[in-house]
Q: 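Below are the structure tokens for one structure; questions will follow.
Values below: all heavy atoms of this structure, side chains included; hydrogens, waters and symmetry mates excluded. The sequence lines fix the lettering, A, B, ..., with proteins before strands; numbering per chain opens at 1.
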Amino acid sequence: QKEVEQDPGPLSVPEGAIVSLNCTYSNSAFQYFMWYRQYSRKGPELLMYTYSSGNKEDGRFTAQVDKSSKYISLFIRDSQPSDSATYLCAMSGGGFKTIFGAGTRLFVKA
Amino acid sequence: NAGVTQTPKFQVLKTGQSMTLQCAQDMNHNSMYWYRQDPGMGLRLIYYSASEGTTDKGEVPNGYNVSRLNKREFSLRLESAAPSQTSVYFCASVNTRGDEKLFFGSGTQLSVL
């Protein structure tokens, strides 16, 4: 079993839809939870960063962490074609080894 | 405003050839990383350097060597390339331990024939 599980998709939604992306994990030592966005042929860029449990909102993006269920989510409101990318969840216990999910490919249709 | 710079962007090798992937960051970050990205596998850590003068193995170090040349530069060497090393390689850096925000380069697409 992988430490971090993420549905690879692809996920296709119409413009303006609410998108929900999720990851589950097995290591209870994880304290840092991140979402990276990766456009085609580019490097990942940090989108959201959360320490421990709770919610964090940044514009159209909301990250949620439920440590009791070992489940994290990223919500995108009013999705735009420019949101079409691969979204990678990532987690760390505070050392130097961040573990990444396989990534979910998202397509937002105009 | 370069951030993390990787060279080359593309490379094709024959089995058994060697090459070095170069990475430099201009953010004065202490820690640097090399990842590989394969379809369905996500990003896997090859080697990392917690600080200048130190290097450690990650999840998939076999077939690779690294050098932390100075605080800015961290290179990855393939001594004898194999088709299984066909992948996209990313260099990343982070300011310090406890700050888990990785900054990535744009990647090197490597094909080994």
Side-chain angles (χ1 to χ4, degrees), chain A residues 1-11 21-27 29-52 56 58 61 63 65 72 74 85-105, chain B residues 1-7 9-10 21 23 25 27 29-51 54-61 66 68 74 88-110:
Chain A
Q1 182 187 3
K2 294 181 180 178
E3 279 192 284
V4 178
E5 297 279 359
Q6 183 177 11
D7 187 336
L11 179 63
L21 304 169
N22 311 291
C23 289
T24 59
Y25 65 95
S26 57
N27 189 342
F30 289 147
Q31 294 287 336
Y32 300 87
F33 302 91
M34 287 73 69
W35 287 94
Y36 287 83
R37 179 175 60 194
Q38 185 176 22
Y39 291 114
S40 181
R41 299 187 180 278
K42 301 290 186 182
E45 56 178 342
L46 183 65
L47 189 61
M48 298 291 284
Y49 172 88
T50 307
Y51 174 71
S52 194
K56 185 171 184 178
D58 184 0
F61 299 90
V65 175
I72 71 170
L74 176 71
T86 297
Y87 291 81
L88 304 161
C89 63
M91 308 172 191
S92 170
F96 295 99
K97 297 181 181 180
T98 299
I99 306 298
F100 286 83
T104 300
R105 293 188 68 189
Chain B
N1 196 22
V4 179
T5 302
Q6 290 183 237
T7 55
K9 293 190 182 300
F10 302 94
L21 281 64
C23 175
Q25 52 91 9
M27 297 173 284
H29 285 174
N30 290 307
S31 305
M32 298 184 72
Y33 304 75
W34 277 105
Y35 286 90
R36 60 177 289 173
Q37 186 174 38
D38 303 290
M41 302 292 289
L43 287 157
R44 291 183 292 168
L45 182 63
I46 304 171
Y47 271 94
Y48 67 96
S49 171
S51 60
T54 68
T55 60
D56 283 288
K57 295 178 181 179
E59 181 185 357
V60 288
V66 291
R68 182 75 183 267
F74 188 37
V88 182
Y89 291 85
F90 288 100
C91 177
S93 69
V94 70
N95 189 18
T96 188
R97 182 171 183 169
D99 178 353
E100 308 298 316
K101 301 172 185 176
L102 290 161
F103 289 80
F104 285 87
S106 57
T108 296
Q109 189 167 332
L110 175 67

Q: To the nearest 0.5 Å, tell me how far A:Tyr36 OH sits from B:Lys101 NZ.
A: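 Reported to 0.5 Å precision, the distance equals 9.5 Å.
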Q: Which atoms of B:Tyr89 are under 4.5 Å from chain A, going by heavy atoms: the side chain, the backbone, both sets, or neither?
A: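 Answer is neither: B:Tyr89 stays 4.5 Å or more from chain A.
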Q: Does any backbone or side-chain atom of B:Gln37 lie under 4.5 Å from a heavy atom of chain A? Answer side chain, backbone, both or neither.
A: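 Only the side chain of B:Gln37 comes within 4.5 Å of chain A.
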Q: Between A:Gln38, A:Gln31, A:Glu45, which has the largest tally of heavy atom pairs under 4.5 Å with chain B?
A: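 Highest number of pairs under 4.5 Å: A:Gln38.
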Q: Between B:Tyr33 and chain A, which part of the residue has a heavy atom less than 4.5 Å away: side chain, backbone, both or neither?
A: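 For B:Tyr33, the contact with chain A is made by the side chain alone.
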Q: List the atom of B:Gly40, the atom of A:Ala102, and the distance in Å for their closest heavy-atom pair.
A: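 The pair with the smallest heavy-atom distance is O-CB, 3.7 Å.
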Q: Supply the atom-to-atom distance B:Phe104 CZ to A:Leu46 CG, rounded to the nearest 0.5 angstrom.
A: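 One finds 9.5 Å between CZ of B:Phe104 and CG of A:Leu46.
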Q: Decide yes or no for A:Tyr51 and B:Glu100: does some side-chain heavy atom of the first lie under 4.5 Å from some side-chain heavy atom of the second?
A: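 Answer no - side chains too far apart.
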Q: Using a 4.5 angstrom heavy-atom cutoff, name the option from A:Gly103, A:Pro44, A:Ser92, A:Gly43 with the most pairs to chain B.
A: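 Of the candidates given, the most pairs with chain B belong to A:Pro44.
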Q: Please flag which part of B:Leu102 lies under 4.5 Å from any non-hydrogen atom of chain A: side chain, backbone, both or neither.
A: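 For B:Leu102, backbone and side chain are both near chain A.
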Q: If you define the side chain from C-beta out and look only at heavy atoms, does anything of B:Gln109 sit under 4.5 Å from A:Arg41?
A: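 Counting from C-beta outward, B:Gln109 and A:Arg41 do come under 4.5 Å.
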Q: Atom NZ of A:Lys97 and atom CZ of B:Arg44: how far apart are they, to the nearest 0.5 Å?
A: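 Separation between the atoms: 14.5 Å.
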Q: Quick one: does B:Tyr35's side chain get under 4.5 Å of A:Thr98's, heavy atoms only?
A: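 SC-SC contact between B:Tyr35 and A:Thr98 confirmed.
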Q: Please classify the contact between A:Pro8 and chain B as side chain, backbone, both or neither, with a heavy-atom cut-off of under 4.5 Å.
A: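 When you check distances to chain B, no heavy atom of A:Pro8 falls under 4.5 Å.
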Q: Any idea which of B:Ala50, B:Gly105, B:Gly107, B:Pro39 has the most non-hydrogen atom pairs under 4.5 angstrom with chain A?
A: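 Most heavy-atom pairs under 4.5 Å with chain A: B:Ala50.
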